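One structure below.
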Amino acid sequence: MNMLFGGAKDTVNFRVNVQKKQTVVESSITYHGLFAEYYFNVGKLEEEKLMAIQPFCAITENLETKEKEYYLSLMMKSKYDGEGIKKFGRPLINCVIVLDISGSMSSSFTGEWKRNENTSSKLEVAKRTIIGLTEHLKDDDYLGVVIFDDDAEVLIPFQKFGEMDMEKFKKTMKELETRGGTNLEEGFIEGSRMIENHLKKFKGDEMKEYENRILYLTDAHPTTGETRSDGLFSLTKKSADKKIYTTFIGVGVDFNTELIDVITKTKGANYYSVNSSSEFKRRMDTEFDYIMTPICFDIEVKVEGAKIQSIYGSPDSEEKKDTTVAEISTAMPSDVNENGEVQGAVLLLKMDKSVADGIPLNVVITYKDKYGNDFKEVNNVIFPELNENQNEIFEDKSIRKAILLIRLVDLVKKFHRVNDKEKGQKFLEYLKTEIPIIGDEKLNREIDLLNDLLKD
């Protein structure tokens, strides 16, 4: 289960900007974004429930103060993870692709203007990717395409995919060219209207099994003005109230912190940034079924018996301090690797030191499925005791990895504001020590990230 819950789904743009010494947007590296790039042990993979958890505890020392810190990780899993999405099947979908064709889409992902046939523009990559994603559609899915620049128009009328003339679809897509400026609202309004008009044709529960989703692709930099009552992201919320959910794809751009926060807190919405043609293809091809399948809503994690000091992995709750409840608006299924680990599947809680007393904790998770049915799961947790020869204890390498990653994010965000190379160098040595213990070679890329940051 991909516990990214909206927000920046990875740190691709952050890494590229650091490497090129370009302006770094702090919101482009987040706890949940970094978690999403790694796989975590969830115990036995889930085979029956929409959501289940595997708790792990850790007691460790603060890197600077050496004071004890207490962490509880909740490894999230779902029967839809990995091959489960094929076994149980993704739901049928009503999908509208809303595509930005404004002039800036003629530039490449490197920012260079298209000069020859060997340089693909962002629009060319988008067109090929959209044609490719149709391979994942079922005959009973519905698909439509809206394009927008200064205005919006229906390019491909909404229709059942099995009845679509695919040669005509491909020809129409391939003939698209860039033009005009960018009116973000018009494209969304037209796409939402397309689904709403379609739903009105059906009575009762005929569309009950369908998911409604707008795939909104733009290379524009939306501003905070888009949160006004008639702005793009307010329109997104209104559509979500009608069970029409949105995936935003930032094509070669990162939305700013405030807008990511708005997306994060919108039911069913998620956001990805793609910074290359290969990344674009992966998002819209191999991850298509995951993007299309929200499985749980209104998730609440309550810890009975102790307070949560900080929450990592849920942008809905990361600003909360000294609480007992973590909230998550939406959860999607996620990939599973060859070791049976689930991508991004962690909610990490820093607990009050009272847990050291060995008091039993009840971790209560409640959530709703897409029909509004309520579910509840309770797990009992007791923190282990350190013996006289131990300074720290980790019940699993996955929680050790999660703690390492949040410490990395904290360091990088501080480094972005205060260039403390001595502290950065100390963390680099800590990172090099932890990687062989955790056993995840992918963490070596964080050594490269820190080395880029530490360069003059």
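Since the structure is predicted, the reported quantities are computational estimates derived from the model, not experimental observations. Position 1 is the first residue of the sequence, and the numbers go up from there.
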Could [X] and [Y] be called an ion pair, given the rule that one side-chain N must be under 4.0 Å from one carboxylate O?
X      : Y      : value
Glu196 : Arg193 : no
Lys243 : Glu211 : no
Lys77  : Glu47  : no
Glu37  : Arg445 : yes
Lys160 : Asp140 : yes

For a quick test of reading the model, state the closest non-hydrogen atom pair linking [X] to [Y] and the distance between them.
X      : Y      : result
Asn270 : Ile291 : ND2-O, 4.2 Å
Lys127 : Leu176 : NZ-O, 2.7 Å
Glu287 : Tyr272 : OE1-CE2, 4.1 Å
Cys95  : Phe158 : O-CE1, 3.3 Å
Leu137 : Arg90  : CA-NH2, 3.7 Å

Do the side chain of [X] and the main chain of [Y] share a donor and acceptor less than 3.5 angstrom apart?
X      : Y      : result
Thr246 : Ile214 : no
Ser78  : Leu50  : yes
Thr134 : Ile131 : yes
Asp205 : Lys208 : no

Check your understanding: Between the side chains of Arg407 and Tyr430, is a donor N or O closer than 3.5 angstrom to an acceptor N or O?
Key ->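 Per modelled atom types, Arg407 and Tyr430 side chains form a pair under 3.5 Å.
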
Review point. Is the closest side-chain donor-acceptor distance between Lys122 and Ser107 under 3.5 Å?
Key: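 Yes.
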
Practice item. Verify the ring-centre separation between Tyr371 and Phe297: is it less than 6.0 angstrom? Key: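 For Phe297 and Tyr371, the ring centres are not under 6.0 Å apart.
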
Review point. Does the pair Asp298 and Lys368 meet the rule for a salt bridge (charged side-chain N to carboxylate O under 4.0 Å, His left out), with working shown?
Key: CA-CA 6 Å; Asp298 302 331; Lys368 296 180 184 294; 5.5 Å; no

Exercise for review: Cation-pi check, Lys79 to Phe88: give yes when NZ or CZ is under 6.0 Å from the six-membered ring centre and within 45° of the ring axis, no otherwise.
Suggested key: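 The answer is yes, since Lys79 meets both limits relative to Phe88.
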
Check your understanding: Taking the six-membered ring of Tyr38 as reference, does the NZ or CZ atom of Lys401 fall below 6.0 Å from its centre and within a 45° cone about the axis?
Key ->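 No, cation not above the ring by the 6.0 Å, 45° rule.
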
Review point. So with a 6.0 Å cut-off around NZ of Lys174, is the heavy-atom count from everything else above 12?
Key: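 Counting neighbours around NZ of Lys174, 12 or fewer heavy atoms of other residues, nucleotides or ligands fall under 6.0 Å, so no.
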
Point to revise | Rounded distance [0.5 Å steps], CG in Leu155 versus CD in Glu190 | key: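 Reported value, rounded in 0.5 Å steps: 11.5 Å.
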
Check your understanding: When the ring planes of Tyr31 and Tyr312 are compared, do they come out parallel, tilted or perpendicular, using 30° and 60° as the limits?
Key ->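 Because their plane-to-plane angle is over 60°, the rings of Tyr31 and Tyr312 count as perpendicular.
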
